Amino acid sequence: MGVTELGKLINESRQEIDLAKLNGRIISIDAYNALYQFLASIRQPDGTPLMDSRGRVTSHLNGLLYRTINLLENGIKPVYVFDGKPPQLKQTEIERRRQRKEEEAHAAEAAAKAGNTEEARKHSQRAIFITDEMVNDSKELLTAMGLPWVQAPGEGEAEAAFMAERGKAWAAGSQDYDSLLFGAPRLVRNLTVTGKRKLPNKREYVDVKPELIELDKVLRELGLRDRIQLIDLAVLIGTDYNPDGVPGVGPQRALKLIKEYGSIDRVAKSVGLEKFPMDPIAIREYFMKPDVIEVGELRFNKPDERTIMDLLVRRHDFSEDRVKGAIERLRKSMDRTGGSSTLDAFM
DNA sequence: CGGGGAGA
DNA sequence: TCTCCCCGG
């Protein structure tokens with residue numbers, strides 16, 4: 001997902017950041033990215049996610065509730081940005097992912113039947129898909145919590161970056177680096193309070209700290225002229241729109257090629273255009289001009305306790321005591337930062 | 001992932 | 001008070 005390989009080239013321009021430094025700041029969070037993380041990590045050892053009595057997955061609601069409250073308690077204003085219609089460019093990749101998830105779901109089932117819980121967990125984590133119902137419940141929860149959220153016309157990541165570029169948000173929040181390609185001046189990764197992440201294939205956990213990545217610093221570190229060159233670099237490595245990148249070209253060689261030739265079209269002429277199943281210039285243009293909208297006034301309101309209880313406790317079998325405790329924390333954090341106020345008040 | 005109880 | 005670890009739905 002996203003341009004994960006780009007991270008291998010980024011060192012000095014990646015800085016750990018204290019949560020306190022984010023106090024009072026708005027972060028436009030890629031909702032899909034966040035929900036995906038919750039669905040991947042909030043699981044039992046055998047890979048079973050949290051579910052209500054009707055078998056509906058609830059891991060995303062659990063994660064969304066507690067993480068959002070944690071952010072608010074630290075004075076951070078999260079604004080979740082939901083995906084709209086994916087661009088045409090992404091269609092083949094979407095179909096490819098759907099097929100792979102189907103296979104992984106079968107593999108998970110088989111492993112579970114064979115009693116291999118580790119395998120089952122691994123495969124079921126790769127089989128995650130986010131349903132409309134999950135998205136709708138998440139939006140309902142956020143609204144009931146008194147938080148604004150944004151419906152992007154296209155990619156949520158693009159809209160979140162646009163909000164950061166326009167100063168609607170201080171930074172974009174995501175695990176992917178795509179926000180930088182979409183023009184976010186700042187990207188915050190690992191936006192968690194008690195960051196613990198499971199190491200792949202191991203039982204160990206490592207501490208993860210929030211990190212701030214600034215676009216201009218990245219360009220300087222890599223020695224690139226502008227964002228267009230960064231996009232060109234990413235297209236060589238592989239993006240959501242050309243996931244394989246150019247076979248045989250890794251991050252290091254891609255950087256060298258962009259510096260040597262200056263742009264992706266010149267690189268393409270050199271390495272051969274047939275190495276690009278998708279038109280690299282079309283991908284670049286999409287990153288430069290994605291489908292985004294100006295967001296209207298965003299408002300933080302008092303939490304609606306009734307609706308939160310109805311959604312989580314009555315409909316999804318959360319424990320009444322736990323949710324009450326969460327609402328209490330939510331109320332306190334909202335009071336401290338001003339329960340009902342416009343987004344502009346925090347700028 | 002994150003809460004909170006157990007045990008030190 | 002702190003760390004570890006189980007459990008949430």
Side-chain angles (χ1 to χ4, degrees), chain A residues 1 16-17 19 22 27 29-76 78 80 108 112 117-118 120-122 124-131 133-138 140-142 144-145 147 173-176 188-211 303 307-334:
Chain A
M1 299 274 279
E16 267 185 25
I17 181 169
L19 238 34
L22 299 176
I27 314 284
I29 299 176
D30 178 6
Y32 184 91
N33 189 270
L35 295 187
Y36 196 91
Q37 278 187 75
F38 297 141
L39 290 166
S41 57
I42 306 179
R43 277 161 190 272
Q44 293 173 326
D46 70 351
T48 313
L50 302 185
M51 288 183 297
D52 63 23
S53 58
R54 291 174 54 191
R56 295 173 300 191
V57 173
T58 55
S59 296
H60 58 300
L61 295 173
N62 191 295
L64 192 60
L65 176 72
Y66 291 113
R67 176 175 294 174
T68 303
I69 290 172
N70 270 333
L71 294 177
L72 291 166
E73 284 180 336
N74 281 272
I76 299 166
Y80 291 89
T117 58
E118 278 292 317
R121 183 185 170 103
K122 212 168 69 188
S124 61
Q125 276 180 327
R126 293 182 192 148
I128 295 163
F129 59 101
I130 296 178
T131 64
E133 189 179 21
M134 290 177 188
V135 168
N136 290 335
D137 280 354
S138 298
E140 185 178 350
L141 177 59
L142 290 169
M145 290 174 77
L147 295 172
S174 175
Q175 291 307 100
D176 294 345
V188 177
R189 300 181 72 240
N190 305 334
L191 191 55
T192 63
V193 178
T194 57
K196 280 207 166 45
R197 189 145 305 155
K198 190 176 180 296
L199 257 36
N201 304 321
K202 291 184 189 163
R203 284 203 167 276
E204 292 166 59
Y205 289 80
V206 284
D207 271 336
V208 284
K209 299 239 171 73
E211 58 185 37
T307 306
I308 298 175
M309 294 299 285
D310 181 70
L311 174 66
L312 297 182
V313 179
R314 192 182 66 77
R315 284 186 266 161
H316 289 299
D317 304 318
F318 278 56
S319 126
E320 184 172 345
D321 284 354
R322 282 172 195 250
V323 175
K324 276 195 171 143
I327 291 172
E328 198 43 43
R329 287 173 58 201
L330 175 64
R331 243 206 310 261
K332 284 204 180 103
S333 65
M334 291 291 238

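Quick caveat, the model's predicted, so the values are computed rather than measured. By convention in this document, chain letters (A, B, ...) are assigned in the order of the sequence lines, proteins followed by strands, and residues within each chain are numbered from 1.
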[X] near the nucleic acid: base, sugar-phosphate alone, or nothing, with a heavy-atom cut-off under 4.0 Å?
| X | result |
| --- | --- |
| A/R322 | sugar-phosphate |
| A/R54 | nothing |
| A/T58 | sugar-phosphate |
| A/S319 | sugar-phosphate |

Taking the side chain as C-beta and beyond, is there a heavy-atom pair between A/M145 and A/L141 under 4.5 Å?
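Counting from C-beta outward, A/M145 and A/L141 do come under 4.5 Å.
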Would you say the side chain of A/H60 lies within less than 4.5 Å of the side chain of A/I130, judging by non-hydrogen atoms?
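Counting from C-beta outward, A/I130 and A/H60 never come under 4.5 Å.
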Output the single nucleotide from B/dG2, B/dG3, C/dG9 whose closest atom is nearest the side chain of A/R67.
B/dG2
Kindly point out which of B/dG2, C/dG8, C/dG9 is positioned nearest to the side chain of A/I42?
C/dG8
If I take atom CG from residue A/L19 and atom CG from residue A/L71, how far apart are they, to the nearest 0.5 angstrom?
7.0 Å
Whole angstrom value for the distance that separates [atom2] of [N] from [atom1] of [X]:
| X | N | atom1 | atom2 | answer |
| --- | --- | --- | --- | --- |
| A/I327 | B/dG3 | CD1 | P | 15 Å |
| A/L35 | B/dG2 | CG | P | 13 Å |
| A/F38 | B/dG2 | CZ | C1' | 10 Å |
| A/L312 | C/dG9 | CG | P | 9 Å |
| A/L330 | B/dG2 | CG | P | 16 Å |
| A/Y66 | C/dG9 | OH | C1' | 11 Å |
| A/D52 | C/dG8 | CG | C1' | 13 Å |
| A/L65 | C/dG9 | CG | P | 10 Å |

Can a donor-acceptor pair be found between the side chains of A/S138 and A/Y80 at a distance below 3.5 Å?
no
Would you call A/R331-A/E328 a salt bridge at under 4.0 Å N-O?
yes
Establish, with yes or no, whether the OP1 or OP2 oxygen of C/dC7 is under 4.0 angstrom from a side-chain nitrogen or oxygen of A/N62.
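It does not, given that no N or O in the side chain of A/N62 lies less than 4.0 Å from OP1 or OP2 of C/dC7.
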Side-chain N or O of A/R329 less than 4.0 angstrom from OP1 or OP2 on B/dG3?
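Checking B/dG3 against A/R329, a side-chain N or O does come within under 4.0 Å of OP1 or OP2.
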